[in-house]
Amino acid sequence: MQFPPVEEQLAIIRRGVEKIVPEEQLAKKLQHSRDTGTPLRVKYGIDPTGIDVHLGHTVPLRKMRQFQQLGHQTVIIIGNYTALVGDPSGRDETRARLTAEQVEANAVDYLNQVGKVLDLSQAEVIRNGEWFSKMAFAEILELCGRVTVAQLLTREDFAKRYKAEQPIYLHECLYPVMQAWDSVEIRSDIELGGTEQLYSFMLARDLQRQQKLPEQIGIMSPILVGLDGKKRMGKSLGNYIGISESPYEMMKKFMQLPDDCMRMYYELLTDVDIDEVNTLLAGHPKEAKVTLAKSIIGEYHDETSAEEAAARWQREIGGKEMQSDISEGFLNEDLLDENGCMQAALLLKELDLVPSTSEAMRRIKGNAAFVIIGDEKTRINDRSELIRVVEGMIVRAGKKDLKRVKFMD
RNA sequence: GGGGGAAUUCCUGAGCGGUCAAAGGGGCCAGACUGUAAAUCUGGUGGCACAGCCUUCGCAGGUUCGAAUCCUGCUUCCCCCA
């Protein structure tokens with residue numbers, strides 16, 4: 001196996017990485033690997049808790065792919081056993097317990113999604129139940145005997161909780177130990193993850209050393225912020241772009257991204273050359289955003305659909321044209337009075353444009369509600385206004401909330 | 001095991017027995033402006049058959065003409081001591 005020169009590899013590896021510990025050993029590892037023609041074993045672990053893979057997850061996954069492209073061996077750990085514990089990182093609720101079947105189904109589902117980023121045929125996929133399920137209590141104790149509470153408390157989230165007098169459960173303490181042990185089992189050279197993984201990564205080094213194995217190097221990516229531009233991208237926060245979403249959906253979301261986040265997105269989610277990124281960011285922010293969106297959409301779909309999505313966005317949202325994908329709102333014709341009319345507030349609610357009539361009234365009061373027939377746009381001024389309802393007319397309850405009326409059969 | 005404290009509408013956090021659908025802040029929503037960015041300004045933020053009515057203040061009872069506010073029991077959580 002012939003690897004590229006170390007410097008060349010480093011340049012690729014360092015991109016969009018926040019921290020490498022210990023930094024100086026990385027070059028040595030790469031050099032050794034190159035000299036001996038041995039690929040490095042690069043580990044990335046996840047818990048199969050039912051994940052809808054979004055761009056935040058792709059940050060380490062893309063890094064994995066880069067390692068693959070450099071000729072190294074990627075190892076994906078499916079934490080089917082760790083899933084039973086639940087990662088304490090920033091969690092304020094205990095995860096619901098999953099059955100073994102659910103975990104397995106999740107794992108399969110997850111791998112399908114990961115396949116869009118990584119070449120799975122070139123990766124090892126290992127479930128950590130393989131070793132943990134066989135571990136005897138005595139061995140577990142032995143393992144725990146190597147970690148001190150003081151060490152655990154160096155972990156930032158535990159430290160914070162401890163200081164804030166928040167509870168830290170014993171089983172949560174085991175989580176990093178298990179994760180670290182995975183590294184021993186698979187003899188990892190490098191582990192990828194977010195910055196919040198620092199403690200586990202270091203613990204893995206301790207354990208590896210104690211097992212007389214080479215110590216892994218932790219490569220940590222920054223946390224990708226979500227569409228709100230502040231918090232980390234996550235499903236529960238509703239600020240994410242899923243990699244399975246349609247090109248147009250992605251496009252719409254990308255354009256909502258705050259300008260400040262573009263550099264980060266470029267760096268972490270694309271391969272666009274940094275110099276070029278600088279040029280783009282120096283230009284009109286909107287153009288830079290469109291380019292960014294196209295680049296990423298192209299990765300998960302294809303360039304043509306990315307172009308189409310961008311063009312459509314420009315036409316329908318950036319421009320003045322009416323949106324073409326207004327979804328249908330089904331209406332029960334029986335609700336109309338003898339003149340085919342209906343109270344405005346009720347109409348909005350029945351079309352599912354708003355969750356309640358109260359909300360409908362708020363929108364109307366806030367000048368957000370319109371009825372559109374053909375090119376004619378009429379504002380609804382009062383909640384009790386009687387609207388003559390015709391099939392095919394468009395009802396609007398806000399910029400993003402439009403429905404085309406369709407009667408139910 | 002003992003002692004102390006807390007549970008309020010999405011979060012935080014006020015809340016004299018009546019004038020409390022419940023202050024303030026955050027978040028969020030809508031409108032103006034715009035590049036569906038940011039900033040700013042305005043309005044809103046339980047539900048409904050909406051000038052009125054109904055359901056909310058951990059749970060269950062009780063005292064009162066009247067309770068988020070008082071009493072009893074329960075549940076949960078936190079802290080301290082051992």
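By convention in this document, chain letters (A, B, ...) are assigned in the order of the sequence lines, proteins followed by strands, and residues within each chain are numbered from 1.
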N/O to N/O distances under 3.5 Å, protein versus nucleotides 40-46 of chain B:
none

Exercise for the section: With sequence neighbours excluded, give me every ring-ring contact (aromatic ring centres under 6.0 Å, His included) pair touching residues 217-243 of chain A. Expected result: H54(A)-Y240(A)
Practice task
Report the residues that fulfil side chain to side chain donor-acceptor pair (under 3.5 Å) with R396(A), sequence neighbours left out, ordered by chain and then residue number.
Solution key: none
Practice task
Report yes or no: is the cationic atom of K406(A) (NZ for Lys, CZ for Arg) closer than 6.0 Å to the six-membered ring centre of F330(A), at no more than 45° off its axis?
Solution key: no
Exercise for the section: Decide, yes or no, whether a salt bridge links D401(A) with R363(A) under the criterion of side-chain N to carboxylate O below 4.0 Å. Expected result: yes
Exercise for the section: Return the nearest nucleotide to the side chain of K399(A); candidates are rA32(B), rG27(B), rC50(B). Expected result: rA32(B)
Handout entry: Check: K63(A) side chain, V59(A) main-chain N or O, donor-acceptor pair, under 3.5 Å
Key = no
Exercise for the section: Determine the Euclidean distance between corresponding C1' atoms of rG52(B) and rA21(B); express it in Å to zero decimal places. Expected result: 15 Å
Problem - Residues touching RNA chain B, which here means a heavy atom under 4.0 Å, drawn from residues 333-353 of chain A - result: K349(A)
Problem - Nearest-Å distance once atom P is located in both rC70(B) and rG15(B) - result: 12 Å
Handout entry: Position toward the 5' end of RNA chain B (nearest nucleotide), M255(A) or A397(A)
Key = A397(A)
Fill in the blank from the handout: Residue pair D401(A)/M262(A) against RNA chain B: nearer the 5' end by closest nucleotide is D401(A)
Problem - Under-3.5 Å donor-acceptor pair between S384(A) side chain and rC50(B) base - result: no
Handout entry: Pairwise P distance, rA23(B) and rC77(B) [rounded to whole Å]
Key = 30 Å
Problem - CZ/R187(A): more than 12 non-hydrogen atoms of other groups inside 6.0 Å - result: no
Handout entry: Inter-nucleotide P distance (rA67(B), rG61(B)), Å rounded
Key = 14 Å
Exercise for the section: May I ask you to say what R396(A) touches in the nucleic acid, namely base, sugar-phosphate or nothing, with a heavy-atom cut-off under 4.0 Å? Expected result: sugar-phosphate
Handout entry: Given rC33(B), rA37(B), rA30(B), the nucleotide with the shortest approach to the side chain of A368(A)
Key = rA30(B)
Handout entry: Carboxylate-amine/guanidinium contact E245(A) K253(A), below 4.0 Å
Key = yes
Practice task
Would you classify P285(A) as touching base, sugar-phosphate or nothing, given that sugar-phosphate means primed atoms plus P, OP1 and OP2, and contacts are heavy atoms under 4.0 Å?
Solution key: base
Problem - Rounded P spacing from rA7(B) to rC59(B) in Å - result: 13 Å
Handout entry: Interatomic distance at P, rC79(B) relative to rG66(B), whole Å
Key = 41 Å
Handout entry: Matching residue for T74(A) among R41(A), Q68(A), K43(A) - test: side-chain hydrogen bond (donor to acceptor under 3.5 Å, both in side chains)
Key = Q68(A)
Problem - Options rU36(B), rA30(B), rG35(B), nucleotide nearest the side-chain atoms of R363(A) - result: rA30(B)
Problem - Distance below 4.0 Å between T357(A) side-chain N/O and rC50(B) OP1 or OP2 - result: no
Exercise for the section: Let me know which of V395(A), I387(A), T357(A) forms a side-chain contact (heavy atoms from CB on, under 4.5 Å) with L348(A). Expected result: V395(A)
Problem - Rounded distance in Å between the C1' positions of rA68(B) and rC78(B) - result: 22 Å
Exercise for the section: Please confirm whether R312(A) makes a cation-pi placement over Y248(A), using NZ or CZ under 6.0 Å from the six-membered ring centre and within 45° of the ring normal. Expected result: yes
Exercise for the section: Take atom C1' in rU56(B) and the same atom in rA37(B), then report the distance between them in whole Å. Expected result: 38 Å
Practice task
Return the set of residues passing ring pair (Phe, Tyr, Trp, His ring centres under 6.0 Å) with H301(A) (not counting sequence neighbours), or none when no residue passes.
Solution key: none
Practice task
Using a 3.5 Å limit on both pairing distances, list the dot-bracket string of RNA chain B from the 5' end; Watson-Crick and G-U wobble pairs count, crossing pairs take [ ], interstrand pairs take |.
Solution key: (((((((..(((.....[.....)))((((((.......))))))(((...)))...(((((..]....)))))))))))).
Practice task
Please name the residue in the list E299(A), E303(A), E307(A) that meets the salt bridge (charged side-chain N to carboxylate O under 4.0 Å, His left out) test with K294(A).
Solution key: E307(A)
